[in-house]
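Please read the structure below before turning to the comments.
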Amino acid sequence: MKKEYYEKIIEELIKLIDEGVYIVDSKGVGRFYNDVMASMEKVNMEDVLGKKFHDAFPEVRKNDSTMLKALIKAEATVGQQQSYKNFYGKEITTINSTVPIVVDGQTVAAIEVAKDITDIRRMSDKLLELQKPQEALPKEKNAIKRYTFDDIFGENEDFEVALSRARKAADNDASVFIYGETGTGKELFAQSIHYCGKRKDKPFLAQNCAAIPEALLEGILFGTSKGSFTGAVDREGMFEQANGGTLLLDEISAMPYDLQSKLLRVLQEDYIRRVGGVKDIPVNVRIIATVNEPPEELIEQGKLRKDLFYRLNVVNIQIPALRERKDDIPVLAERFLEKYNAKFGKEIWMLSDSVVKKLQAYDYPGNVRELENIIEQAVSMGENEHVLTEKNLAMPMNQRKSRLTEIEYSGNVALDKYMDEIEAKIIRDTLLDTGGNISRAAEKLQIKRQTLQHKLKKHNLTTG
């Protein structure tokens with residue numbers, strides 16, 4: 001095949017890739033540069049193609065350049081964060097992986113694949129900046145609500161056990177590990193433990209470990225030192241900001257395995273070291289960790305370190321799913337009725353018996369959060385009535401269950417195809433129930449948003 005054919009293949013191939021791709025030859029001259037990379041770095045193709053790397057990106061220091069490292073030292077770099085200014089002085093942050101192409105012992109090219117995290121980095125910086133002074137500021141009218149045990153309702157026996165353990169946890173400083181399905185109220189428990197304990201006047205910070213890219217999470221938790229990566233500055237992390245208080249690590253099993261080992265060391269030694277730093281910084285932080293899957297399964301799947309689990313599992317709290325405490329549904333529904341009467345200016349005083357029965361007949365994959373959403377919708381649709389009746393009660397998930405019976409297994413199709421049909425129908429109906437909102441649909445299905453997006457592509461479904 002002719003050389004120009006290979007070049008054409010590469011040009012077309014990199015157009016299909018969702019991440020930015022930049023390829024330079026042995027002299028550092030740009031040969032391939034896709035639209036994703038151009039959009040990410042806010043530059044034009046002609047500013048990069050045919051020009052040496054350092055001329056195209058003069059703000060990137062040679063010592064920090066993963067591209068030059070690949071060309072000169074033939075060393076690969078995987079998943080490194082970089083913050084730099086592009087040709088027009090626009091600052092961007094990316095996660096880069098750069099590899100040298102070596103033929104007969106000679107580096108003939110280097111390929112860089114990059115993912116833009118500029119907005120995520122900006123938001124994380126803003127988050128840390130906002131969290132830092134919040135304890136020193138006077139309480140504002142619209143300040144974020146702080147929850148205590150007075151905000152938690154339930155009389156179910158198993159739920160009372162969980163609540164009792166949480167109350168006892170508030171009286172000590174031990175690490176707490178909370179397991180509960182999505183929507184069961186894990187953060188309410190965590191905040192209550194903090195704000196009803198002796199650390200209540202100290203910071204309470206929370207971080208969802210699944211919401212931040214791996215390369216950023218370590219810096220957010222432990223802080224960064226100037227020079228630790230291109231564009232890095234001296235900045236406190238959440239451990240320093242929460243010193244003396246409590247740090248909630250939500251979905252801790254989503255934390256990268258290597259980072260879990262660093263967290264374990266912090267718990268054992270009570271000091272942190274900023275990313276790229278050499279100074280040990282003492283910290284006194286209580287950790288509350290949460291997961292939404294059984295911890296034993298997460299350990300078996302390699303998502304949660306066993307040694308970290310045992311270190312955190314000093315106080316173990318398991319919050320039962322709402323389907324396991326249906327006797328609490330009337331109590332919770334009444335509380336939500338009061339809440340949304342006030343919000344929407346309604347005067348719906350009570351639930352009809354038929355509404356209570358219908359609410360208790362449902363399994364609530366979204367747990368208490370889903371029950372609250374159902375009551376919120378029903379109250380918002382109310383008019384002048386004082387009793388909430390079935391006419392304003394929308395239970396779309398029940399309707400979905402009945403529609404599933406339309407797909408009957410005939411034995412004439414392969415089982416995997418049959419299961420795909422059922423999965424596609426459940427997803428389609430859930431999207432209809434949530435008005436095409438992917439985040440809410442993922443929450444109802446109890447899967448991650450990214451997983452749902454993958455399944456949408458798999459089944460060729462749209463949200464429009």
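- Lys457 places none of its side-chain heavy atoms less than 4.5 Å from the side chain of His454.
- By the 30° and 60° cut-offs, the orientation of the rings of Tyr340 relative to Phe336 is tilted.
- Residues Ala242 and Leu247 share a closest heavy-atom pair of CB-CB, 4.5 Å.
- A donor-acceptor contact shorter than 3.5 Å links the side chain of Asn34 to the backbone of Val21.
- Within the 6.0 Å centre-distance limit, the rings of Phe222 and Phe239 are counted as a close aromatic pair.
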Legend entry - Gln191/Asp151 under side chain to side chain donor-acceptor pair (under 3.5 Å): CA gap, chis, key distance, verdict: CA-CA 10 Å; Gln191 284 203 32; Asp151 299 298; over 6 Å; no

Inset, instruction - Using the side chain to side chain contact (heavy atoms under 4.5 Å, CB included) rule, take Gln453 and Ile438 through it: C-alpha gap first, then chi angles, then the decisive distance, then the call. - result: CA-CA 8 Å; Gln453 288 175 322; Ile438 293 179; 4.3 Å; yes

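- Side-chain contact between Ile375 and Leu359 is present, with at least one heavy-atom pair separated by less than 4.5 Å.
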Legend entry - His386 vs Glu347, side chain to side chain contact (heavy atoms under 4.5 Å, CB included): CA-CA, chis, key distance, verdict: CA-CA 6 Å; His386 297 310; Glu347 293 185 0; 3.8 Å; yes

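- Screening Arg440, Lys444, Arg323 for a salt bridge (charged side-chain N to carboxylate O under 4.0 Å, His left out) with Glu370, the sole residue that qualifies is Lys444.
- In this structure, the side chains of Glu155 and Asp328 come closer than 4.5 Å at one or more pairs of heavy atoms.
- The distance from atom CD of Gln241 to atom CD1 of Ile220, rounded to the nearest 0.5 Å, is 10.5 Å.
- Within the 4.5 Å cutoff, the side chain of Glu338 has heavy atoms near those of the Arg335 side chain.
- Here Phe159 pairs with Phe189 under the ring-ring contact (aromatic ring centres under 6.0 Å, His included) rule; sequence neighbours left out.
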Inset, instruction - With side chain to side chain contact (heavy atoms under 4.5 Å, CB included) as the test, would you mind laying out the steps for Arg305 and Ser261 before giving the verdict? - result: CA-CA 8 Å; Arg305 290 182 64 104; Ser261 66; 3.6 Å; yes

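- Within the model, atoms CG of Asp250 and CE of Met255 stand 11.0 Å from one another, a figure rounded to the nearest 0.5 Å.
- Each of Thr246, Ile288, Val315 was evaluated against Ile193; a single residue qualifies, Ile288, per the side chain to side chain contact (heavy atoms under 4.5 Å, CB included) test.
- Within the structure, side chain to side chain donor-acceptor pair (under 3.5 Å) pairs that include any residue of residues 277-286 comprise Asn172-Arg286, Arg199-Asn284, Arg273-Asp280 (at least two apart or interchain).
- Between Asp234 and Arg274, the closest side-chain pair of non-hydrogen atoms falls below 4.5 Å.
- Nearest heavy-atom pair across Ala441 and Leu431 is CB-CD2, 3.9 Å.
- Side-chain contact between Leu322 and Leu332: present, with at least one pair of heavy atoms (C-beta onward) separated by less than 4.5 Å.
- Remark: the backbone N or O of Asn208 is not paired with any side-chain donor or acceptor of Glu251 at under 3.5 angstrom.
- Considering OH of Tyr310 and CD1 of Ile299, their distance stands at 5.5 Å, rounded to 0.5 Å.
- Taking 4.5 Å as the limit, some side-chain heavy atom of Lys186 sits within range of a side-chain heavy atom of Thr184.
- Inspection of the Thr77 and Thr66 side chains reveals no N or O donor paired with an N or O acceptor under 3.5 Å.
- Within the 3.5 Å criterion, the main-chain N or O of Gly366 finds no donor-acceptor partner in the side chain of Glu443.
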Enumerate, atom names and distances included, each donor-acceptor pair closer than 3.5 Å involving a side-chain atom of residues 164-171, sequence neighbours excluded.
unit_1 : atom_1 : unit_2 : atom_2 : d
Arg165 : NE     : Asn316 : O      : 2.5
Arg165 : NH2    : Asn316 : O      : 3.2

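- Under the 4.5 Å side-chain criterion, counting only non-hydrogen atoms from C-beta, Leu263 is in contact with Ile252.
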Inset, instruction - Evaluate the criterion side chain to side chain donor-acceptor pair (under 3.5 Å) for residue pair Thr94 and Asn96; output intermediate values, then yes/no. - result: CA-CA 6 Å; Thr94 60; Asn96 290 7; 2.6 Å; yes

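- Relative orientation of the His194 and Phe204 rings is tilted, given thresholds of 30° and 60° on the angle between their planes.
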Inset, instruction - Might you work through the side chain to side chain contact (heavy atoms under 4.5 Å, CB included) test for Asn156 and Glu324, ending with a clear yes or no? - result: CA-CA 9 Å; Asn156 172 269; Glu324 297 167 351; over 6 Å; no

